[in-house]
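One structure is given here, and the rest of the page talks about it.
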Amino acid sequence: MFQFFRRRHQYLLFDSAEQEVIHENCLTVEGESLERKGEVKTHRGSIIDHVYIDRDHKTTHENLVRDYFSLTLPFPHRLFRRGFRMSHKLFLHIYDVVVAYDEYFVQSRNVARIEGLSSLQKVTAALRMICYGVSGDIVDEYIRLAESTTNEAMKKFVEAVINIFGDKYLRSHNSNDINRLLQLHEKHGFPGMLGSIDCMHWTWKNCPSGWKGHYSGHSGDATVILEAVASRDLWTWHTFFGLQGSLNDINVLERSPVFTDVIIGRAPSVNFVINNNQYDMGYYLADGIYPKWSTIANTIQMPQSQKAKNYARAQESARKDVEHVLGVLQSCFHIIQQPCKYFKLATMKNIMRACVILHNMIVEDERYLYKSLEKSNYYLFEEVSAPIVDYGYNHFDYNQFIAGREKLKDKIMHRHLQEYLIKHLWERHGNVDY
């Protein structure tokens, strides 16, 4: 008689005699074999017939410290940067704050007074899942965490990162940020530009069957859309994630809060001049699918004149900033590059927000690289506090909303802005070959 014996992720076929031998070998805890014949079953653990695996957490922790956190490291710092996607100093900062914030990451003892997983093992396992995009059982090979524990640690980690660092690294522009961005982008021929806007799709492998039609786009796979605004310094200023993959960039923009402060008149003032014309609203570079709004500078899909061709080349070259950031985000955190295996949309949102926060933290930590590339004393990432400002949203002004909406969608202002940019770029570097 044949029976199926389940081992982890596989079903192996054994006869009765072989299965009895396997049970006899597997049900061994701390060197004492559990007799199965003629005796009552001995229950150890919270699940009947649960096989205890001694992962030797103490030795694993010591190996982890020896490899990456000791005085004499067998691996150089560049390998640490490649494996953890961040510098050693930044990792220790995140580690200390997360452990102090959530008691889950504090090492404890079980009822047998045996030390459990260390804080370093849990944080490292969570980062390995985010950076490499692997499943929990792969992390078990080195960190020695069970698959369920690794998934739990990852979810706790992203929640802690959002709650601790979200207010600072997911904030929108303030006056100081706008002044720096205007100076940065004006050097590249686009005065008044605040960044570039674009969308990215994250495949949802385990999307519920009832929702798959809503989340399936032209590719046929269920996806979730991320809208992002990024600047030339690789900083992400705005993210909007969670809409169905069946929508396009226009539908996402209509639902996005990216221009909410502009509509209600609460956005910081942006003053710049193009060809002796004064403007009080910044704009974003976008591709041809985006609508012709006063705050969006699109490309020209079929330019005819030399001036229009010059503008299209310059606009498409500068618009690569947001595509560059999205590419860096996916290459740095492979979990958002591969199809998501989680069933809940809330988990996907937390992972995406945490990845954006960690990306901005890495960019801030490595700002000296960008400073050297600019070859100037322009200090891009100075420490700026992010105070919570009460905008008074409870006092809704309907007339201001209507006026701001009409000003935002003014096609005449969009056409004038594009014409002035074409003339400005032609006068600036019209004879430069791209």
Side-chain angles (χ1 to χ4, degrees), residues 172-173 175 178-179 181-183 185-186 188-199 227-231 237-238 240 247-319 321-322 396-430:
S172 58
H173 310 85
S175 300
I178 289 176
N179 293 332
L181 291 175
L182 292 180
Q183 296 177 25
H185 294 144
E186 188 174 3
H188 300 278
F190 287 91
M193 186 184 77
L194 297 179
S196 304
I197 185 171
D198 201 359
C199 292
E227 181 190 67
V229 172
S231 53
W237 293 104
H238 160 79
F240 181 55
L247 304 177
N248 57 20
D249 294 1
I250 302 177
N251 305 132
V252 175
L253 183 64
E254 290 286 354
R255 294 163 172 78
S256 172
V258 61
F259 295 125
T260 301
D261 291 343
V262 176
I263 294 175
I264 64 178
R266 301 292 184 179
S269 60
V270 181
N271 299 313
F272 61 96
V273 178
I274 302 179
N275 293 336
N276 298 325
N277 294 281
Q278 185 72 31
Y279 283 87
D280 59 355
M281 288 195 312
Y283 60 91
Y284 300 97
L285 301 184
D287 54 20
I289 192 176
Y290 278 84
K292 300 183 183 304
W293 290 359
S294 59
T295 54
I296 295 178
N298 307 81
T299 185
I300 301 177
Q301 296 182 356
M302 298 179 64
Q304 300 298 324
S305 63
Q306 292 297 327
K307 293 183 179 181
K309 292 180 180 179
N310 176 71
Y311 166 79
R313 285 193 295 263
Q315 196 271 356
E316 292 171 5
S317 176
R319 186 170 52 84
D321 295 339
V322 63
F396 182 75
D397 190 348
Y398 182 76
N399 294 327
Q400 171 64 37
F401 176 81
I402 296 298
R405 189 75 173 173
E406 292 179 353
K407 185 178 180 180
L408 177 69
K409 295 189 174 183
D410 193 343
K411 294 184 178 180
I412 297 178
M413 292 182 62
H414 167 83
R415 186 173 67 252
H416 289 168
L417 175 64
Q418 190 177 65
E419 291 176 356
Y420 296 147
L421 285 174
I422 292 174
K423 183 179 179 181
H424 173 76
L425 289 170
W426 181 257
E427 293 176 353
R428 181 181 179 88
H429 44 68

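We use all heavy atoms of the structure for the numbers below, so side chains are in, but hydrogens, waters and symmetry mates are not.
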To the nearest 0.5 Å, tell me how far [X] [atom1] sits from [Y] [atom2].
X      : Y      : atom1 : atom2 : value
Asn271 : Asn179 : CG    : CG    : 9.5 Å
Ile422 : Ser305 : CD1   : OG    : 7.0 Å
Glu316 : Ile300 : CD    : CD1   : 9.5 Å
Trp293 : Lys411 : CH2   : NZ    : 11.0 Å
Glu186 : His188 : CD    : NE2   : 11.0 Å

Backbone of [Y] reached by a side-chain donor or acceptor of [X] within 3.5 Å:
X      : Y      : result
Gln315 : Ala286 : yes
Ser294 : Leu408 : yes
His424 : Ile274 : no
Gln304 : Met302 : yes
Asn298 : Asp287 : yes
Asn248 : Ile250 : yes
His238 : Ser172 : no

Is the closest side-chain heavy-atom distance between [X] and [Y] below 4.5 Å?
X      : Y      : result
Ile412 : Arg415 : yes
Asp249 : Tyr290 : yes
Val258 : Phe240 : no
Lys407 : Asp280 : yes
His173 : Val270 : no

Could you walk me through whether Tyr284 and Phe259 pass the side chain to side chain contact (heavy atoms under 4.5 Å, CB included) check? CA-CA 11 Å; Tyr284 300 97; Phe259 295 125; 3.3 Å; yes
Could you tell me which non-hydrogen atom of [X] sits nearest to which non-hydrogen atom of [Y], and how far apart they are?
X      : Y      : answer
Ala318 : Ser196 : O-OG, 3.6 Å
Ile296 : His414 : O-ND1, 2.8 Å
Ile263 : Arg405 : CD1-NH1, 3.6 Å
Tyr283 : Ala297 : CD1-CB, 3.8 Å
Gly192 : Leu182 : CA-CD2, 3.4 Å
Gln400 : Ile264 : CG-O, 3.5 Å

Could you tell me how the ring of Tyr420 sits relative to the ring of His416: parallel (under 30°), tilted (30 to 60°) or perpendicular (over 60°)?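 Rings of Tyr420 and His416: tilted, 30 to 60°.
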Parallel, tilted or perpendicular: ring planes of Phe190 versus Tyr311, cut at 30 and 60 degrees: tilted
Test side chain to side chain donor-acceptor pair (under 3.5 Å) applied to Trp237 - qualifying residues, sequence neighbours left out: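 Counting only residues at least two positions away or on another chain, Trp237 forms a side chain to side chain donor-acceptor pair (under 3.5 Å) with Ser231.
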Please walk me through it: do Ile197 and Val322 pass side chain to side chain contact (heavy atoms under 4.5 Å, CB included)? CA-CA 6 Å; Ile197 185 171; Val322 63; 6.0 Å; no
Could I get the full list of salt bridge (charged side-chain N to carboxylate O under 4.0 Å, His left out) partners for Asp410, not counting sequence neighbours? none
Salt bridge (charged side-chain N to carboxylate O under 4.0 Å, His left out) against Lys292, all qualifying residues, sequence neighbours excluded: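 Counting only residues at least two positions away or on another chain, Lys292 forms no salt bridge (charged side-chain N to carboxylate O under 4.0 Å, His left out).
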Applying side chain to side chain contact (heavy atoms under 4.5 Å, CB included), run through Asp321 and Leu285 and close with a yes or a no. CA-CA 10 Å; Asp321 295 339; Leu285 301 184; over 6 Å; no
